[in-house]
Amino acid sequence: MSTNQKISALLSHLAAGIDLLGKGSFRASGHRRAARLLNGLELDVADIVNNHPEDAQQRLEQIEGIGKGTAKRIVEYVTTGSLAEHQKMLEQVPASVIELLEIPGLGPAAVRTLWREMQIESIDDLKRQLDTDADALASLPRLGKASVEKIRRAVDFRTKTSGRIQLGRALPFGEQLREELREVPGVLQVELAGSLRRGRDAIGDVDLLACCADPEALRSRFRELPGIADLLSDGDSKLSARFDAPGGGGVQVDLRIVPRESWGAALMYFTGSQDHNIAMRGRASRRGMLLNEYGLFERRVAEQQGEDEGSGGKAEAGDLVVGDSETAIFEALDLEPIPPELREEAHGLEPVPDDLVTLEDIDAELHSHTTESDGRLELEELARHAIELGLHTLAITDHSQSSALAGGLEPDRLRRHIDAIRELDERIPELQLLAGSEVDILPDGSLDYEDELLVQLDVVVASPHAALDQPPDVATERLLAAIRHPLVHIVGHPTGRIVGRRRGLEPDMTKLVQAAAECDTVLEINANPRRLDLRDSHARAALSAGCKLAINTDAHSTRHFTLLRYGVLTARRAGLTRKDCINTWSPQQLRTWLEEKRR
DNA sequence: GCCGTTTTCGGCCCGACTGTTTTCAGTCG
């Protein structure tokens, strides 16, 4: 974890403690806001504190959203390694009590009651109480039989699933539900919303938005969807259920039914992010308008009755300006439409480059495997498939010798493989076939083949595969060595993380992206949804340092080519444009770069 | 906690749904 992330986690935790102690919910949400901001911040606050010890506090306060309090806490954490206020909070609230807030349906008030009235201090305590004497729980103030059953189901659900779901599983699942609902007679629109629409690498639940001439037909179809396990709420405009997700585990799905005239406002509202919505509302407000999930309205100040007169009325919605289309709302607020992927705090309401990369722009795959190492397809099958997909360039990059389990090639076998690739390239003029290798970056930063062999390859993708739990400073040097190696073109899945499973390397990204920009070495966004590595925030940092990026599927089979869209979503979240994405280049432009990079 | 062409103090997104109440608090997104 970077320092930013560590402080962010501490502030979130502190916020939860403040909530439980009842010490002001606005203070708590202020901490949460600062935590979110730090998490998405490109620059490293530790650098600011270390490089400018005399005026670090003032420099930090320059950052929008960081005030005196947070600046002070950042300095304290970087210089001492802890936060006194957080320690003090932990003396009053056990960490295991804070964990209870992770159970859906349990908020600060309920957790406080469980803790104070029944000495329930952990999820295990809660499970035990549910098993032995659930009635005692039901007798607590503002609880009851129905609430307790809800909590029981939520606790069971939690033990079955591990939090967020990878985008690669959630998106096809959400799309399938969307198609089922689109078949309901009278349906006008059904769309995915939430973090799924924004293309985040992992999502907490699936949000669906619909409008329909016959809402009851839609509601009853939803209640009967295959895989539904538990209907959580069942109102006129909002239904919510837990589903058994494909491949085990479960996922919560929310369906909201909105009036047609509010479609755009509702889609915008439920797509988020929260920070984006707040920024949009703020912009509307400054322009004398009011934005909510029903539309963009003229703002009218309500006349106050009686004694309150003169104390300033509450703003309320006047005439509808626009509501049925997202684009129209952006335009009414003098903004170019912002695609869902960029509706995050890191992007703000900045203009969007008009050549933001799209799936259709990608014409080259620069990282793929054949049966020669651990791929499923023979060389020629793979090449033919690439042609069917309309690619003009395919790099064959089988594993190097150290990846023994993946059938990595010893030097002699690689030499023969290069010959086979070149021979095939001659035979199929419609595809530019590149002879490459995915060379292991060994733990010490050296590469898995001698330069004499590497130089014979058209393209070298260097990737870390082992020792992925190295300390950050060792990982930084290891990856820097690969980035600076004159024969390396691309660094593949640079951190080796697996979404939600393996943290992977945690190098100093600022140093890596600077070096990559200087050496003209390309960093990969590995499109496999298990990886999505570089992740969005790292890719954004790379772009602002002036790096070029590749989006590769790392294909081991035909199915893997379909994963490209996840890489593109991640790239768009970082703001990647066509010109900075080498997979969009022409065959000649690519060939020229590959050769000139080595001069 | 943060912020300021409505404010340096007093606001902070706000509506739907549920369950426990008997008019509303808590939770969620």
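We name chains A, B, ... by the order of the sequence lines, and we start the count at 1 in each one. For the numbers below, each heavy atom of this structure counts, side chains included, while hydrogens, waters and symmetry mates do not.
Between the side chains of Ser273(A) and Arg343(A), no donor-acceptor pair is found at a separation under 3.5 Å. Judged by distance alone, the side chains of Ser240(A) and Gln252(A) do bring a donor and an acceptor atom under 3.5 Å apart.
Taking atom CE of Met280(A) as the reference point, atom P of dC14(B) lies 16 Å away to the nearest angstrom. When rounded to the nearest whole Å, the span between CZ of Arg142(A) and C1' of dT21(B) equals 6 Å. Rounded to an integer number of Å, the gap from CD of Gln252(A) to P of dC28(B) is 10 Å. Per the geometry, CD1 belonging to Ile278(A) stands 15 Å off P belonging to dG29(B), to the nearest Å. Straight-line distance from the CG atom of Leu209(A) to the C1' atom of dG29(B): 13 Å, rounded to whole Å. In this structure, Leu239(A) atom CG and dG29(B) atom C1' are separated by 15 Å, rounded to whole Å. For the pair Lys145(A) NZ and dT20(B) P, the interatomic distance rounds to 10 Å; values are reported in whole Å. What separates CG of Leu100(A) from C1' of dT27(B) is a distance of 15 Å, to the nearest Å.
A glycosidic torsion no more than 90° from 0 defines the syn conformation; dT21(B) lies beyond that range and is anti.
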task: Might you work through the side-chain contact (heavy atoms from CB on, under 4.5 Å) test for Met118(A) and Leu140(A), ending with a clear yes or no?
output: CA-CA 9 Å; Met118(A) 298 229 55; Leu140(A) 291 170; 3.6 Å; yes
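Considering only side-chain N and O atoms, Tyr294(A) lies nowhere under 4.0 angstrom from the phosphate OP1 or OP2 of dC13(B). For the OP1/OP2 pair of dC17(B) and a distance below 4.0 Å, the side-chain nitrogens and oxygens of Ser240(A) include no atom meeting the criterion.
Across all strands, Gln274(A) comes closer than 4.0 Å to base atoms (heavy-atom distances). Counting any heavy atom pair closer than 4.0 Å across all strands shown, Asp234(A) reaches sugar-phosphate atoms only and no base atom. Contact annotation for Lys72(A): no contact, since no heavy-atom pair falls under 4.0 Å across all strands. Residue-level contact check: Ile18(A) touches neither bases nor backbone, having no heavy atom under 4.0 Å from any strand. Residue Arg256(A) is in sugar-phosphate contact alone, with no base atom involved, counting any heavy-atom pair closer than 4.0 Å across all strands shown. No engagement by Pro141(A) is indicated, since no non-hydrogen atom pair under 4.0 Å with the nucleic acid exists.
Here the nucleotide nearest the side chain of Asp207(A), chosen from dG29(B), dC17(B), dT20(B), is dG29(B). In this structure, of dC14(B), dC17(B), dG15(B), it is dG15(B) that holds the atom nearest to the side chain of Glu293(A). Among the nucleotides dG29(B), dC13(B), dC28(B), the one closest to any side-chain atom of Asp254(A) is dG29(B). Counting only heavy atoms from C-beta on, Ala110(A) has its side chain closest to dT27(B) among dT27(B), dG29(B), dT20(B).
Separation of the C1' atoms belonging to dG19(B) and dC13(B) is 24 Å when rounded to the nearest angstrom. Of the P atoms belonging to dC12(B) and dT8(B), the separation is 16 Å, rounded to the nearest Å. Comparing dT6(B) with dC2(B), their P atoms sit 23 Å apart, to the nearest whole Å. Nucleotides dT20(B) and dG26(B) are separated by 10 Å at their C1' atoms, to the nearest Å. If you take atom P in dC9(B) and the same atom in dG15(B), they sit 30 Å apart, rounded to whole Å.
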Quick test: give all pairs of protein nitrogen or oxygen and nucleotides 1-4 of chain B nitrogen or oxygen below 3.5 Å, distance rounded to 0.1 Å.
{"from": "dG1(B)", "atom 1": "OP1", "to": "Arg73(A)", "atom 2": "NH2", "distance (Å)": "2.9"}
{"from": "dG1(B)", "atom 1": "O3'", "to": "Thr70(A)", "atom 2": "OG1", "distance (Å)": "3.3"}
{"from": "dG1(B)", "atom 1": "N3", "to": "Phe26(A)", "atom 2": "O", "distance (Å)": "3.4"}
{"from": "dC2(B)", "atom 1": "OP1", "to": "Gly67(A)", "atom 2": "N", "distance (Å)": "2.6"}
{"from": "dC2(B)", "atom 1": "OP1", "to": "Gly67(A)", "atom 2": "O", "distance (Å)": "3.3"}
{"from": "dC2(B)", "atom 1": "OP1", "to": "Thr70(A)", "atom 2": "N", "distance (Å)": "3.2"}
{"from": "dC2(B)", "atom 1": "OP1", "to": "Thr70(A)", "atom 2": "OG1", "distance (Å)": "3.0"}
{"from": "dC2(B)", "atom 1": "OP2", "to": "Gly69(A)", "atom 2": "N", "distance (Å)": "3.4"}
{"from": "dC3(B)", "atom 1": "OP1", "to": "Gly65(A)", "atom 2": "N", "distance (Å)": "2.8"}

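Base pairing annotation: dC24(B) forms a Watson-Crick or G-U wobble pair with dG19(B), both donor-acceptor distances under 3.5 Å.
Here Lys68(A) pairs with Glu61(A) under the side chain to side chain contact (heavy atoms under 4.5 Å, CB included) rule; sequence neighbours left out. Partners of Arg178(A) according to the salt bridge (Lys or Arg N to Asp or Glu O under 4.0 Å) rule, which considers only residues two or more places apart in sequence or in another chain, are Glu191(A).
Annotation: of the two residues near DNA chain B, Ser147(A) and Leu106(A), the 5′-most nearest-nucleotide partner is Ser147(A). Nearest-nucleotide assignment on DNA chain B puts the 5′-proximal partner with Arg281(A), out of Val148(A) and Arg281(A).
The shortest non-hydrogen separation linking Thr3(A) to Ala46(A) is OG1-CB, 3.6 Å. Taking both residues in full, the closest heavy atoms of Val258(A) and Ala266(A) are given as CG1-CB, 3.6 Å, listed atom of the first, atom of the second, then distance.
A salt bridge between Asp275(A) and Arg36(A) is present, with a side-chain N of the basic residue lying under 4.0 Å from a carboxylate O of the acidic one. Comment: Arg73(A) does not engage Glu76(A) in a salt bridge, judged by the lack of any side-chain N to carboxylate O separation of less than 4.0 angstrom.
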